[in-house]
*Asks:* 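Got a structure for you, questions after.
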Protein chains: 2
Amino acid sequence: MPPPIIRIDTAYLPAVDRVPGASAATARCPDCMQRHFCLPQGLASDEMRRLGNLLSGSRSIPRHTYLFRAGDSLDCVYVLKSGVVKLVWATSDGDEQVLGFCLPGEILGLEALGAESCVNGAVAIETATVCELPIAALEQMCREMPRLQHRLHLLFARQIVNSHMALTVVGKGNAEAGLASLLLNLASRLKAHGYSGKEFNLCMSRTDIANYLGIAVETVSRMFTRLRQKGVLKVNKRNIVILDPDYMRAVAGESPAAMRARPGCVYPGQGVRARGFEA
Amino acid sequence: MPPPIIRIDTAYLPAVDRVPGASAATARCPDCMQRHFCLPQGLASDEMRRLGNLLSGSRSIPRHTYLFRAGDSLDCVYVLKSGVVKLVWATSDGDEQVLGFCLPGEILGLEALGAESCVNGAVAIETATVCELPIAALEQMCREMPRLQHRLHLLFARQIVNSHMALTVVGKGNAEAGLASLLLNLASRLKAHGYSGKEFNLCMSRTDIANYLGIAVETVSRMFTRLRQKGVLKVNKRNIVILDPDYMRAVAGESPAAMRARPGCVYPGQGVRARGFEA
DNA sequence: CGGACAATTGAACCAATTCAACCGAGGTGG
DNA sequence: CCACCTCGGTTGAATTGGTTCAATTGTCCG
């Protein structure tokens, strides 16, 4: 029987990308392979060390178990070191709604930071390891370290933008666009964390994807085959290769082309600098 | 010709709820009618005063003008004192995607806080007034005032939760549910800020609603008439009265089951300690 | 008044759902 | 070892909810 650590570090990677030696499970921030993508990004080394000392260690979350549940009052936020976690929340009719997926290097539980309890749960899709960051200490440290504070705000903001991106795509009546967008999003997030932007393993089931995109499982399946038949994707079970990123972007609607000046809308003039965002 | 201030303060209110004397446009935090719902909620009076001094004054945003645009680099966040603002972002094919609506007392521009530039724009639907909060000063003050820091985090978290709620509703293939949910959401947010939870004026056009919900305008119209025919809503132009909230909640799917524990509150932990959710 | 725009309604069409059968992989137990 | 079951995934055929196209009304505003 293979040691579980193998699956942990490589679950979301194609075989070729595996980094065999890097056992990140126990590393503190300054030694962690995620340090350049994770919360402490941009911190000075002593700041990073302090942040690392804050961590109350790593935790391993087996597949299909909850990291936290709706209604839990969190006193920590979590940084995902490896594995994949899905964010869910329960609808009144008993089934769950998938809100998003959390990839390695990303942060979990921010949405509960100022609140007393969390409205959504987090389930490991693929065996995961997380760092725990006590909220009180994190807030204290943000007060002392402007750079960390700023970084935290950036991560907050990203989460919002990410949700916004999901909104633009989900339920636009276009299943193909939704799937394409999700795949591009996952690819680029993995790429941002140092992995291949072209090939990756989907850790989530078709059911989860369908739930997230607000479409039926059968439709997800059909869209995969359609994209495969068009030669845009190579699909082998959950291993995905993006063959034609341009086409993918085109069908996805390419949400944040936001930077184009739109004629037909008035400009207040006062205070707001439009200053041609170069195209 | 009626003075514009009338429209500003009452645009989102049914006539009966109007508060004629309250000209909030120039008030500083300690005197502002929004102070109990807005950013400084829970602050001590001297803290509130300090925050108020930070404000670089109020700005008025005429209808259909941008508060900020995608690509702008914001050095302020904004607090909406009156009016309604929609958050939008431009898709590559030239049309816009409505990401959400911002109601009085809510905060704008958080999503740009840590970033270099903003990916989404903000347009006044109804003539709006905002307070400007220089980001640098706000961050500085958060470092000095833990309560404010915590409050800011809460507002961040709410925005995320709000996006999540939108996600669960949009594109569930059920237009009626989407509309019902939006109306309930608006109603409860207005209620949370001291207005009627039953009757209100929709400030947004059917087109905006359709865009936001990811359905066609015609469908929005049909859903309105359907809900009206069922006796659930009273619809008069943009004036809405919710006659049967239970039915509304039922069709809306009532996404976060957890949220039913606290009636009248969309957000997690609105200052209220909500321990133990049943179920 | 006339033009532009918001909203509503009707009819035809189409994409995605639903219901159903099927396949392969994995696990279990006789 | 094979029979049996379950589960995730794919595919087919029929149905439907929402879109699209089109026409109508009403309202605001120059």
Side-chain angles (χ1 to χ4, degrees), chain A residues 1-2 7 63-64 86 95-96 98 123 125-126 169-182 201-230 233-240 251 253 264-266, chain B residues 1-2 4 7 11 62-64 84 86 93 95-96 98 123 125-127 169-180 182-183 201-229 233-240 251 253:
Chain A
M1 98 187 161
R7 297 201 72 178
R63 271 180 65 138
H64 299 153
K86 70 174 170 187
D95 43 46
E96 73 177 20
V98 176
V123 191
I125 285 181
E126 205 55 70
V169 147
V170 164
K172 284 291 150 263
N174 191 345
E176 193 178 7
L179 182 58
S181 178
L182 173 62
N201 279 327
L202 283 178
C203 294
M204 59 287 299
S205 66
R206 304 287 195 255
T207 309
D208 282 336
I209 295 175
N211 188 319
Y212 174 68
L213 293 176
I215 57 181
V217 208
E218 294 93 330
T219 309
V220 173
S221 195
R222 284 185 244 273
M223 291 308 122
F224 266 121
T225 58
R226 184 191 293 182
L227 288 171
R228 183 167 40 73
Q229 282 167 351
K230 283 181 182 171
L233 282 186
K234 203 151 83 71
V235 183
N236 184 10
K237 310 259 174 193
R238 293 187 180 181
N239 184 288
I240 306 293
V251 299
C265 268
V266 208
Chain B
M1 110 190 152
R7 298 200 73 178
R63 272 180 62 139
H64 299 154
V84 176
K86 71 176 172 185
D93 42 359
D95 43 46
E96 73 178 19
V98 176
V123 190
I125 286 181
E126 204 54 69
T127 310
V169 150
V170 164
K172 280 291 148 265
N174 191 345
E176 193 179 6
L179 182 58
L182 172 61
L183 294 179
N201 279 329
L202 284 177
C203 294
M204 58 286 304
S205 66
R206 304 285 196 259
T207 309
D208 283 337
I209 295 175
N211 188 319
Y212 174 69
L213 294 176
I215 57 182
V217 208
E218 294 92 330
T219 309
V220 173
S221 195
R222 284 185 244 275
M223 292 306 124
F224 267 121
T225 58
R226 186 192 290 183
L227 287 172
R228 184 166 40 73
Q229 284 167 350
L233 281 186
K234 202 150 84 69
V235 184
N236 184 10
K237 311 261 172 192
R238 293 186 180 182
N239 183 289
I240 305 293
V251 299

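Quantities reported herein were computed from a predicted structural model and do not represent experimental measurements. Every chain is numbered from 1, with letters handed out A, B, ... down the list of sequences.
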*Asks:* Given atom CG of A:N236 and atom C1' of D:dG8, what is their separation to the nearest angstrom?
*Replies:* 15 Å
*Asks:* May I ask you to check whether over 12 heavy atoms, not counting those of A:K230, lie within 6.0 Å of atom NZ?
*Replies:* yes
*Asks:* Please determine if B:K86 and B:E126 form a salt bridge, counting it only when a charged side-chain N lies under 4.0 Å from a carboxylate O.
*Replies:* no
*Asks:* State the CG-CG distance between A:L182 and A:L202, to the nearest 0.5 angstrom.
*Replies:* 7.5 Å
*Asks:* Between B:N211 and B:E96, is there a donor-acceptor pair closer than 3.5 Å when you use the side chain of the first and the backbone of the second?
*Replies:* yes
*Asks:* Please state how far atom CG in B:N201 lies from atom P in C:dA7, giving the value in whole angstrom units.
*Replies:* 13 Å
*Asks:* How is A:S221 classified with respect to the nucleic acid when contacts are heavy atoms under 4.0 Å: base, sugar-phosphate, or nothing?
*Replies:* base
*Asks:* Among the candidates D:dG26, D:dG9, C:dA25, find the nucleotide nearest to the side-chain atoms of A:K237.
*Replies:* C:dA25
*Asks:* Which of these nucleotides, D:dG9, C:dA7, C:dA20, is closest to any side-chain atom of A:E218?
*Replies:* C:dA20
*Asks:* Nearest-Å distance, CG (B:L227) to P (C:dT8)?
*Replies:* 12 Å
*Asks:* Below 4.0 angstrom from OP1 or OP2 of D:dG9, is there any side-chain N or O of A:R238?
*Replies:* yes
*Asks:* Enter the distance from A:Q229:CD to A:F224:CZ here, rounded to the nearest 0.5 Å.
*Replies:* 13.5 Å
*Asks:* Identify the pairs formed between an N or O of the protein and an N or O of nucleotides 15-18 of chain D at a distance under 3.5 Å, and give each distance.
*Replies:*
residue: D:dG18; atom: OP1; partner: B:G173; partner atom: O; Å: 3.0
residue: D:dG18; atom: OP1; partner: B:A175; partner atom: N; Å: 2.7

*Asks:* Please table the atom pairs, donor to acceptor, closer than 3.5 Å between any side-chain atom in residues 215-222 of chain B and protein atoms at least two apart or in another chain.
*Replies:*
none

*Asks:* Between A:R222 and D:dT11, is there a contact of a side-chain N or O with OP1 or OP2 at under 4.0 Å?
*Replies:* no
*Asks:* What is the distance, to the nearest angstrom, from the NE2 atom on B:H64 to the P atom on C:dA4?
*Replies:* 18 Å
*Asks:* Check whether any side-chain N or O of B:T225 sits under 4.0 Å from OP1 or OP2 of C:dT9, and answer yes or no.
*Replies:* yes
*Asks:* Between B:L202 (CG) and C:dA7 (P), how many Å, whole number?
*Replies:* 9 Å
*Asks:* Grab the CD1-C1' distance between B:I125 and C:dA6 for me, whole Å please.
*Replies:* 14 Å
*Asks:* Using the salt bridge (Lys or Arg N to Asp or Glu O under 4.0 Å) criterion, which residues pair with B:R228? Sequence neighbours excluded.
*Replies:* none
*Asks:* Whole Å only: how far is the CG atom of A:D208 from the P atom of D:dC7?
*Replies:* 15 Å
